[in-house]
**Q** 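Take a look at this one; I'll ask things after.
Per chain, numbering begins at 1; letters A, B, ... match sequence-line order.
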Amino acid sequence: MKEPGVRRGASQPPEAYLEVAVAAPLEQTLTYKLPQDQAPLAEPGKRVLVPMGRRRVTGYILGPAPKPEGFKARSILDILDELPLFPEAMVPLFRWLADYYIYPLGLTIKESLPSGVNHLELAMVKITPEGEKALEAGQANLKEQRFLEILLTAGATAQNQLLKKAGKGASVSTILTMQRKGFVEIHRVMQKGRVRSKTETYIKALKEQSDAPARQKSRHKILEILPKDGDMTMRALKKEVPSAPRWIWEMEEAGEIQVFEKEVYRDPFGEPIPPDETRFTLTSEQEVAYTEIVGALGRGYKSILLHGVTGSGKTEVYLRCVEKALEQGLSVIVLVPEIALISQMQRRFLARFGEKVAVLHSGLTDGERLDQWMRIVRGQAPIALGARSSIFAPVKNPGLVIVDEEHDESYKQDSRLRYQARDLAVMRCHMEKAVTVLGSATPSISSRHNCANGKFQKISIKNRVAERPFPEVTLVDLRNTTTGQNRSLLTDVLKHHLTETLAKNEQALLFLNRRGFANFPVCLECGGTITCAHCDVSLTYHQEDGCFQCHYCGFCQDITKGCPSCGSRKLKMMGMGTEKVEDSLRSMFPQAIIGRLDRDTAAKKGGLVSVLKGLREKTTDIVVGTQMITKGHDFPNITLVGVVCADLSMGFPDFRAGERTFQLLAQVAGRAGRGEKPGRVVLQTYNPEHFCITTACANDYDAFCNEELKFRHQLKYPPFARLAQIRFTGEDSKETGAFANSIGEECRKLLWAEKAFKNSVQVLGPIPSPIARIARMHRWQMLLKGLDHKAFRAYLRQVNRIIQSKAGAKGPTAVIDVDPVNML
DNA sequence: AGCACGCCGACT
DNA sequence: GTCGGCGTGCTC
Ligand SMILES: [Zn+2]
Ligand SMILES: [Zn+2]
């Protein structure tokens with residue numbers, strides 16, 4: 001070791017070290033030596049291949065690191081990217097994220113990058129001649145024989161595949177032992193990351209006429225079709241001249257055309273979106289919002305809650321603001337709720353900004369997603385638009401981040417890194433001195449509270465565009481309907497309005513937030529309910545597929561088998577879903593054309609498109625749907641909205657049930673009368689006096705909030721307290737309970753470790769989860785409440801320690817869900 | 001997460 | 001004795 005400060009020569013720069021977050025569950029980052037020859041290529045945001053223990057793993061360069069003390073740094077093996085996958089400015093954001101959601105930094109970064117860039121190291125196992133001999137001579141034991149036989153027939157196999165094929169009882173150590181004996185060879189290879197971008201063959205005309213003989217018709221036709229200046233894809237040319245592939249090489253040789261490959265941006269939607277430069281005149285309220293937002297651009301951090309009623313034209317305000325941001329050289333991120341198909345918002349952004357928008361849509365393949373990502377990295381697309389994960393878009397100088405429908409729960413990721421993209425948007429803007437705009441007709445209680453305490457500025461748009469009135473709401477009390485058995489839940493009032501709407505040749509929407517035919521089938525013979533074999537829930541009957549389905553694990557059972565416990569065919573289909581409503585409608589209005597929009601119809605190829613088309617082209621009269629219809633699409637011809645049962649979302653053991661109900665009702669009611677004709681809403685409920693229902697009916701957001709905030713304050717729920725849910729899962733019921741209880745006990749003990757804990761932290765539970773078993777996994781949960789932010793953070797970190805120390809490689813697991821949304 | 005090390009019971 | 005099961009701990 002040379003002495004510090006002593007330089008080996010004038011030309012020798014000091015040794016350089018990098019701080020690397022490896023894609024492994026480590027709490028700390030690691031320091032690696034940067035070899036001289038790689039030094040010019042090393043940049044924060046690039047992936048590196050590094051040695052770690054006996055393996056090689058991918059890591060992410062965070063920046064330079066100080067000279068290591070107390071350990072020897074190993075050298076990085078390779079730099080994997082030409083361009084950084086994220087800008088350096090995002091490093092502090094990742095650190096904050098990893099800390100806040102208690103998730104390893106390297107895995108946090110991995111989660112934020114598009115899948116498809118993640119290199120995987122594979123251990124390839126190959127049989128040796130000695131191994132073959134040993135197998136023949138019977139020198140291998142039973143377990144070894146099984147492996148060797150597989151290897152003999154299948155050839156070199158990845159270790160994890162091999163273990164799967166060998167089945168139960170197969171272990172890594174057997175393979176390693178065989179390696180020691182010389183029966184097999186193991187070498188490590190990097191699995192190809194699907195990193196190549198897509199190119200397409202293009203043809204360009206160089207001459208106007210071909211010298212070829214006239215009988216070669218296609219050859220002349222090709223030159224006719226090719227544009228005089230500019231190029232054409234081979235694919236497009238083939239449509240006009242099917243024999244084109246046969247001619248182009250000869251034609252290129254003759255100097256008539258040029259053939260070349262060009263990188264293309266896959267159109268995620270199939271159909272091209274024509275540019276639309278129309279700018280609607282802003283209403284005075286829209287103008288105020290626009291001026292406020294634009295005035296804040298480029299002047300540091302600010303968060304604005306744009307509370308605009310349904311149909312108030314928030315999108316137009318967004319478009320104008322984005323335009324202004326681009327003029328100032330700022331880039332933009334637009335977050336939209338996760339939906340199955342391209343939304344109105346995406347369509348309008350693409351129409352207005354075209355190629356400048358990178359769409360990170362959930363329907364993209366890994367390759368397509370990566371294309372869009374790299375366009376942002378290269379600075380070709382200053383606007384990133386997409387669902388939750390788009391908050392990680394690698395834009396360099398974000399000036400504006402828009403979160404549309406900010407109350408939507410799809411902004412919370414419910415696995416692994418359990419982040420809330422709306423909160424992260426605010427944090428990213430805070431760090432990068434940008435403006436966040438949170439838009440919604442029904443803002444979350446949390447955002448509304450942040451306005452009250454001055455963290456956000458509130459801007460309201462109280463009127464709809466074109467002075468369209470709000471729909472008139474009729475409340476139907478389901479407790480005293482006289483519709484006989486009332487089985488279908490389509491009351492006389494609703495029927496009356498449906499008839500009227502159909503007579504006027506207008507469209508109606510019926511909302512019921514539950515898919516399937518019946519969610520509570522019971523057996524009349526044995527009296528049992530029909531439940532899932534793997535989960536503690538009842539199965540839902542799906543008429544269309546003729547089976548009982550579990551909505552949690554996907555388990556499916558044929559109806560023809562009858563009751564699972566007694567085999568009886570006498571089943572009563574209790575409870576109702578969209579399929580049943582559709583059924584009743586068909587018998588009630590046999591002449592009407594009825595569509596259905598839920599996860600089942602959307603899952604079928606083209607199903608969603610055909611329903612939306614039917615609504616747009618007025619070929620559908622009535623559409624029945626789940627909350628799916630409240631999201632992302634405009635139906636200007638709908639004049640009647642019927643809420644079949646408003647109470648469904650209210651019964652959950654979840655402190656947000658009320659908020660969810662209000663938002664859903666207000667959103668679905670807002671679907672009525674979006675076009676020129678005024679709308680009407682018929683709302684059926686068993687709880688006509690409940691404040692969620694009455695305030696939703698009156699479209700009185702403030703009244704709802706005041707009442708809800710009172711309740712939250714009393715019971716110390718967010719926004720007046722912080723929450724974290726510890727979730728325990730395990731295959732064995734007893735073991736899971738014992739595990740949960742032992743961690744619970746430790747957490748209670750921990751309260752006494754610091755005065756601040758005792759004073760401000762509450763441990764509730766652990767208890768078995770409301771759904772105590774899903775997909776054979778038993779579930780427990782424990783709720784942690786904190787009244788003091790700082791103390792709660794410190795407490796959670798300690799809880800994580802406890803979990804780490806108690807959890808084994810096998811057996812039950814525990815995860816921390818910070819700011820939980822799904823409480824079930 | 002992997003992967004090694006190390007400690008114990010049941011096989012040659 | 002040794003093989004292999006799995007609990008514990010580390011990875012720059
Ligand atoms: Zn039965
Ligand atoms: Zn199930």
**Q** Establish, yes or no, whether a centroid distance under 6.0 Å links the rings of F757(A) and Y795(A).
**A** yes

**Q** Can you tell me how far C1' of dT11(C) sits from CG of L107(A), to the nearest Å?
**A** 14 Å

**Q** At less than 4.0 Å, is any side-chain N or O atom of R55(A) found next to OP1 or OP2 of dG2(B)? Yes or no.
**A** yes

**Q** Using a 4.0 Å heavy-atom cut-off, does P104(A) contact any base of the nucleic acid, only the sugar-phosphate backbone, or nothing at all?
**A** nothing

**Q** Return yes if some donor-acceptor pair links the side-chain N/O of K46(A) with the main-chain N/O of L80(A) below 3.5 Å, else return no.
**A** no

**Q** Work out which heavy atom in P114(A) is nearest to a heavy atom in R369(A); give both atom names and the distance.
**A** CB-CG, 3.9 Å

**Q** What contact category does P25(A) fall into here, base, sugar-phosphate, or nothing, at under 4.0 angstrom with non-hydrogen atoms?
**A** base

**Q** Starting from P on dT11(C), measure out to CG on L26(A) and report it in whole angstrom.
**A** 10 Å

**Q** So for R54(A) and dA4(B), does any side-chain atom that can act as donor or acceptor lie under 3.5 Å from a complementary atom in the base?
**A** no

**Q** Taking the six-membered ring of Y100(A), is the NZ or CZ of R793(A) close enough (under 6.0 Å from the centre) and on axis enough (within 45°)?
**A** yes

**Q** Taking the ring centre of each residue, are F94(A) and F86(A) less than 6.0 Å apart?
**A** yes

**Q** Atom CZ of R74(A) and atom P of dC12(C): how far apart are they, to the nearest Å?
**A** 5 Å

**Q** Can you check the E111(A) CD to dA1(B) C1' distance for me, whole Å?
**A** 15 Å

**Q** Kindly check if the number of other-residue, nucleotide or ligand heavy atoms within 6.0 Å of CD (Q145(A)) is above 12?
**A** yes

**Q** When you measure from the side chain of R722(A) to the backbone N and O of F792(A), does any donor-acceptor pair fall under 3.5 Å?
**A** no

**Q** Between S331(A) and N397(A), is there a donor-acceptor pair closer than 3.5 Å when you use the side chain of the first and the backbone of the second?
**A** yes

**Q** Rounded off to whole Å, could you give me the NZ-to-C1' distance for the K67(A) and dC12(C) pair?
**A** 13 Å

**Q** Could I get a table of every N or O pair under 3.5 Å where one atom is in the protein and the other is in nucleotides 9-12 of chain B?
**A**
none

**Q** Could you give the CG-to-P distance, from L30(A) to dC12(C), as a whole number of Å?
**A** 7 Å

**Q** Judged by modelled atom types alone, do E185(A) and T128(A) share a side-chain donor-acceptor pair under 3.5 Å?
**A** no

**Q** Report all interatomic pairs (protein N or O, nucleotide N or O of nucleotides 7-10 of chain C) with separations under 3.5 Å.
**A**
none

**Q** Tell me: CZ of F71(A) to P of dT11(C), nearest whole Å?
**A** 10 Å

**Q** Let me know the distance between NZ of K33(A) and C1' of dC12(C), rounded to the nearest Å.
**A** 11 Å

